[in-house]
Peer 1: 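To start, I am sharing the structure in question, which I have written as structure tokens.
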Amino acid sequence: MPEGHTLHRLARLHQRRFAGKPVEVSSPQGRFAASASLVDGRVLERAEAHGKHLFHVYGPDATVHVHLGLWGTFAELPLPVTTPVGQVRMRLVGPTHLADLRGPTRCEVLTDDEVAAVRARLGPDPLRRDADPARGFARISRSRVPIAVLLLDQTVLAGVGNVYRAEVLFRHGVHPLTPGNRIDSALWDLLWADLVLLMREGVRVGRIDTVRPEHLPEATGRPPRQDRHGGEVYVYRRTGQPCLICGTPVAASELSGRNLYWCSTCQPE
DNA sequence: GATCTATGTAGAT
DNA sequence: TCTACCTAGATCG
């Protein structure tokens, strides 16, 4: 689940459910208990996301910072309060709903200065209005590192994960090993605009869909994708299956410890 | 029941 | 480049 769109969707949801009201914050599992007591019962001022980071702002002295990592999830339930199931790191209880956080890589209370330090390390986020894509291009155009690695570097761009990386490179016919300094500014503008489009749609529908209408199962007669992550994609986790455009089996390898997927015909070196 | 895997990142080597 | 870490669902035997 957790690429940037997931966090922005959660921020939006938490803003609606909890902001402006006192919230009960607890840690049924216990690992967040001491920090939860710092914000328990206070009014949640606002929820916002930057890249894959979620912030629950209670005041200048206390913002809950959540990073879901690979496995983290937030589950929302309507009241009444029920017994927590599984390992619930943080539970928020508001006037109408509760939210249970499981498996985050990060869940901590920070001061405004500490939040600023976290955010200072993040590159422009295609889902934020205040994002400056030129900052991302400045890094990319100076680097010989493969574009596939740069896109996942959160100090270059914030919020892009393995699915959006694979899909945006496919949609623009860019080979993943292309060095950053071979990406010209016109191509960068296209990649950025496409990330904005795809990720906004991801926030809207709650899953990652990147396939153009003419290549969808309904248009081509192929069976829809059955995958835990749910959306329709061109190459992500489609190793060995025919490319939706040219039929070449989708290639896969590992790069910097992450799975990489591409079409060797549509994305030539 | 055991094992594998994942949309992520930090820190050690 | 490696390892550790957080969790739950899918798959294997």
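Here the structure is a predicted model, which is why all the values come from computation and not from measurement. Quick note on labels: first sequence line is chain A, next is B, and so on, each numbered from 1.
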Peer 1: Within the pair A:Gln154 and B:dA10, is there a side-chain N or O less than 4.0 Å away from OP1 or OP2?
Peer 2: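 No, outside the criterion.
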Peer 1: Kindly check if the number of other-residue, nucleotide or ligand heavy atoms within 6.0 Å of CZ (A:Arg42) is above 12?
Peer 2: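 Result for CZ/A:Arg42: enclosed.
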Peer 1: Base, sugar-phosphate alone, or nothing: which one does A:Gln29 contact when heavy atoms must sit under 4.0 Å apart?
Peer 2: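 Here A:Gln29 touches the backbone only, sparing every base.
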Peer 1: Are A:Leu122 and A:Leu54 connected into the same hydrophobic cluster when the rule is that any two of I, L, V, M, F, W, Y join if their side-chain heavy atoms are below 4.5 Å apart?
Peer 2: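 No: no chain of side-chain contacts under 4.5 Å links A:Leu54 to A:Leu122.
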Peer 1: Let's see if you can work this out: which of B:dA10, B:dT9, C:dA8 has an atom nearest to the side-chain heavy atoms of A:Arg258?
Peer 2: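 From the listed options, B:dT9 comes nearest.
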Peer 1: In whole Å, what is the span from the CG atom of A:Leu260 to the C1' atom of B:dT7?
Peer 2: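 From A:Leu260 CG to B:dT7 C1': 14 Å.
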Peer 1: How many Å lie between CG on A:Leu68 and C1' on C:dC5, as a whole number?
Peer 2: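 Rounded to whole Å, this separation is 15 Å.
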Peer 1: Using atom NE2 of A:His65 as one end and atom P of B:dT9 as the other, report the distance to the nearest whole Å.
Peer 2: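 Interatomic distance, NE2 of A:His65 to P of B:dT9: 10 Å.
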Peer 1: Considering only side-chain heavy atoms of A:Thr105, which listed nucleotide, C:dT7, C:dC5, B:dT7, is closest?
Peer 2: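 Nearest nucleotide to the side chain: C:dC5.
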Peer 1: So which nucleotide from B:dG8, C:dA8, B:dA6 ends up closest to the side chain of A:Arg237?
Peer 2: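 Within the option list, the nearest is B:dA6.
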Peer 1: Which of the following nucleotides, B:dG8, C:dA8, B:dA10, is nearest to the side chain of A:Arg102?
Peer 2: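 Output: C:dA8.
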Peer 1: Could I get the full list of salt bridge (charged side-chain N to carboxylate O under 4.0 Å, His left out) partners for A:Asp40, not counting sequence neighbours?
Peer 2: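 Partners of A:Asp40 under the salt bridge (charged side-chain N to carboxylate O under 4.0 Å, His left out) test: none.
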Peer 1: Could you check, using the six-membered ring where one of them is a Trp, whether A:Tyr234 and A:His215 have ring centers closer than 6.0 angstrom?
Peer 2: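 Yes, close enough.
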Peer 1: It should be established whether A:Asn162 places a side-chain nitrogen or oxygen under 4.0 Å from OP1 or OP2 of nucleotide B:dA6.
Peer 2: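 The answer is no; no side-chain N or O of A:Asn162 sits under 4.0 Å from OP1 or OP2.
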Peer 1: Rounded to whole Å, how long is the line connecting atom CG of A:Leu70 with atom C1' of B:dG8?
Peer 2: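 In whole Å, B:dG8 C1' and A:Leu70 CG are 4 Å from each other.
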Peer 1: Check this one for me: any side-chain N or O of A:Lys52 less than 4.0 Å away from OP1 or OP2 of B:dT7?
Peer 2: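 It does not, given that no N or O in the side chain of A:Lys52 lies less than 4.0 Å from OP1 or OP2 of B:dT7.
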Peer 1: Please determine if a side-chain N or O atom of A:Asn259 lies less than 4.0 Å away from the OP1 or OP2 oxygen of B:dT5.
Peer 2: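 For B:dT5, OP1/OP2 do not have a side-chain N/O of A:Asn259 under 4.0 Å.
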Peer 1: Is the backbone of A:Ala47 close enough, under 3.5 Å, to the side chain of A:Gln15 for a donor and an acceptor to pair up by distance?
Peer 2: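 A pair under 3.5 Å: yes.
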Peer 1: In whole Å, what is the span from the CZ atom of A:Arg106 to the C1' atom of B:dG11?
Peer 2: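 Spelled out: CZ on A:Arg106 to C1' on B:dG11 is 11 Å.
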Peer 1: Please give the distance between the P atoms of B:dT13 and C:dC5 as a whole number of Å.
Peer 2: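 Result for the P pair: 14 Å, nearest Å.
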Peer 1: Between C:dT3 and B:dT5, how many Å separate the two P atoms, rounded to a whole number?
Peer 2: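 Between the two P atoms, the distance is 16 Å.
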Peer 1: As a check on the pairing definition, encode DNA chain B in dot-bracket form, counting Watson-Crick and G-U wobble pairs whose two distances are under 3.5 Å, and using | for partners outside this strand.
Peer 2: ||||||.|||||.
Peer 1: Does A:Glu48 come within less than 4.0 Å of A:Arg128, counting only side-chain N to carboxylate O?
Peer 2: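 Yes, charged N to carboxylate O under 4.0 Å.
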Peer 1: Measure from OH on A:Tyr236 to C1' on B:dG8 and round the result to the nearest Å.
Peer 2: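 Going from A:Tyr236 (OH) to B:dG8 (C1'), I get 11 Å.
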Peer 1: Thinking salt bridges, do A:Lys52 and A:Glu3 make one under a 4.0 Å N-O criterion?
Peer 2: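 Looking at A:Glu3 together with A:Lys52, the answer is no, because their closest N to O distance does not fall below 4.0 Å.
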Peer 1: Does A:His67 make a side-chain N or O approach to OP1 or OP2 of B:dG8 shorter than 4.0 Å?
Peer 2: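 No.
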Peer 1: Measure the distance from CD on A:Gln87 to P on C:dG9 and round it to the nearest whole Å.
Peer 2: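 Nearest whole value for this atom pair: 13 Å.
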Peer 1: Is the A:His5 to A:Tyr164 ring centre distance short of 6.0 Å?
Peer 2: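 Aromatic pair counts; centres sit under 6.0 Å.
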Peer 1: Using only side-chain N and O atoms of A:Tyr164, determine if any of them is under 4.0 Å from OP1 or OP2 of B:dT7.
Peer 2: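 Answer is no, no contact under 4.0 Å.
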Peer 1: Over how many whole Å does the gap from A:His5 atom NE2 to B:dG8 atom P extend?
Peer 2: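 Computing the A:His5:NE2 to B:dG8:P distance gives 10 Å.
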